[in-house]
**Student:** 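Got a structure for you, questions after.
Counting starts at 1 for both ligands and their atoms, following the listed order.
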Amino acid sequence: MAPTPGTPGIVSFVGAGPGDPDLLTLRAVRAIEAAEVVVHDRLVPAAILALAGPGARLVDAGKEGFGPSVPQAEIDAMLVAFARSGARVVRLKSGDPGVFGRLEEEIEALEAAGIPWEIVPGITSAAAAAAIGQSLTRRGRNSGVHLVTGHDAKGFADHDWRALARPGEVAAIYMGKRAARYIAGRLLMHGALPETPVSVVENASRPDERVLATTLGALPEALEAAGLTGPAVILLGLAPRRAGAELHLPEPVVAWEAFL
Ligand code: SAH
């Protein structure tokens, strides 16, 4: 489908989930199928991009965990330009577009240009707790869950370490691989127990999903030894539930339990 000049375009911010196309919402699938242009992050796998129609234009916005390789201003300008040409644009982001996805910056650019937009939510990476058979909250253990990032625009991100260090707290740490040593250090300094369980889920929901079960004290060394190369979410305060882990984890992961 070619864009129709003269008719106003729209930008749909669509959550692609953690990677498995089965974890897309129906609304996300419909939006991708109907898109004339798909501007996607690097983390969105080919199997999801393949849902776009044969005539759709796919644009890799090239953002990686550590800073964008396409400047944000350029992405904003691109969205505005495609929508102005009348295109139905899908801005496809991994997970949920509203979690560490610079969603508001892009919305503000569209609003400044008077372009309509909508949000289609997706499953955020914290749902990788499912891969370890765990629940993010549990009565009597934690009455809230923290979604935190390992780094922000200024470098390693600062957090309320004392609150995160309390026994029973659960946090899903995004973009945390490189910051792991810093995060573990801060938490231990603020009273967290070294034996606090930590699970790291790499490539959640993808065929190459791996789980690393470790403790807060051993996290930096365990991560270094594991040499993870894919996106990974660090689940602070959660150990794999054995039955779930055995049911869901592929072969090599069993050996990872040596870190327990
Ligand atoms: N909007 C996304 C997060 C983008 S930030 C969401 O809601 O999930 C990028 C970070 O997301 C990565 O550094 C990693 O921590 C996490 N992530 C994305 N996809 C992942 C996956 N398949 N498995 C594990 N972590 C993932």
**Student:** Does A28 offer a backbone N or O that forms a donor-acceptor pair with the side chain of T25 under 3.5 Å?
**Tutor:** yes
**Student:** For ligand 1, which is the ligand I care about here, please tell me if P18 has any N or O atom under 3.5 Å from one of the ligand's N or O atoms.
**Tutor:** yes
**Student:** Mind checking whether S94 has an N or O less than 3.5 Å away from an N or O of ligand 1?
**Tutor:** yes
**Student:** I need the atoms of ligand 1 closer than 4.0 Å to a non-hydrogen atom of F100, numbered in the order shown.
**Tutor:** 4 (C), 5 (S)
**Student:** Touching ligand 1 at all, R206? Heavy atoms, strictly under 4.0 Å?
**Tutor:** yes
**Student:** By ring pair (Phe, Tyr, Trp, His ring centres under 6.0 Å), which residues pair with H146, not counting sequence neighbours?
**Tutor:** none
**Student:** Could you tell me whether E169 and R166 make a salt bridge, using a distance below 4.0 angstrom between a side-chain N and a carboxylate O?
**Tutor:** yes
**Student:** Backbone or side chain, does any N or O of G101 fall under 3.5 Å from an N or O of ligand 1?
**Tutor:** no
**Student:** Any donor-acceptor pair under 3.5 Å linking the side chain of K93 with the backbone of G15?
**Tutor:** no
**Student:** For L79 and E106: C-alpha separation, side-chain torsions, deciding distance, then whether side-chain contact (heavy atoms from CB on, under 4.5 Å) applies.
**Tutor:** CA-CA 8 Å; L79 295 177; E106 294 178 15; 3.5 Å; yes
**Student:** Rounded to the nearest 0.5 Å, how far apart are CG of D96 and CG of L103?
**Tutor:** 8.0 Å
**Student:** Could you tell me whether a side-chain N or O of Y174 sits under 3.5 Å from a main-chain N or O of H151, the two making a donor and an acceptor?
**Tutor:** no
**Student:** Counting from 1, what ligand 1 atoms have a heavy atom of V201 closer than 4.0 Å?
**Tutor:** 24 (C)
**Student:** Does an N or O anywhere in A204 fall below 3.5 Å from an N or O of ligand 1?
**Tutor:** yes
**Student:** Indicate every side-chain donor-acceptor pair of residues 192-199 with a distance under 3.5 Å to a residue at least two apart or in another chain.
**Tutor:**
residue : atom : partner : partner atom : Å
T196    : OG1  : L193    : O            : 2.6
S199    : OG   : L238    : O            : 2.7

**Student:** What do we get for A126 next to ligand 1 when only non-hydrogen atoms under 4.0 Å count, side chain, backbone, both or neither?
**Tutor:** neither
**Student:** Give the single entry among H151, M175, R210, R42 that approaches atom 10 (C) of ligand 1 most closely by any heavy atom.
**Tutor:** M175
**Student:** Judged on heavy-atom distance to atom 6 (C) of ligand 1, which of L235, N203, L43, T124 sits nearest?
**Tutor:** T124
**Student:** So for ligand 1, is D96 a polar contact partner (N or O within less than 3.5 Å, distance only)?
**Tutor:** yes
**Student:** Heavy-atom contact check, 4.0 Å cutoff: does A232 meet ligand 1?
**Tutor:** yes
**Student:** What atoms of ligand 1 come closer than 4.0 angstrom to any heavy atom of V233?
**Tutor:** 24 (C), 25 (N)
**Student:** In sequence, state the C-alpha distance, the side-chain angles, and the governing distance for K177 and E202, and then conclude on salt bridge (charged side-chain N to carboxylate O under 4.0 Å, His left out).
**Tutor:** CA-CA 10 Å; K177 271 188 301 183; E202 181 198 31; 5.4 Å; no
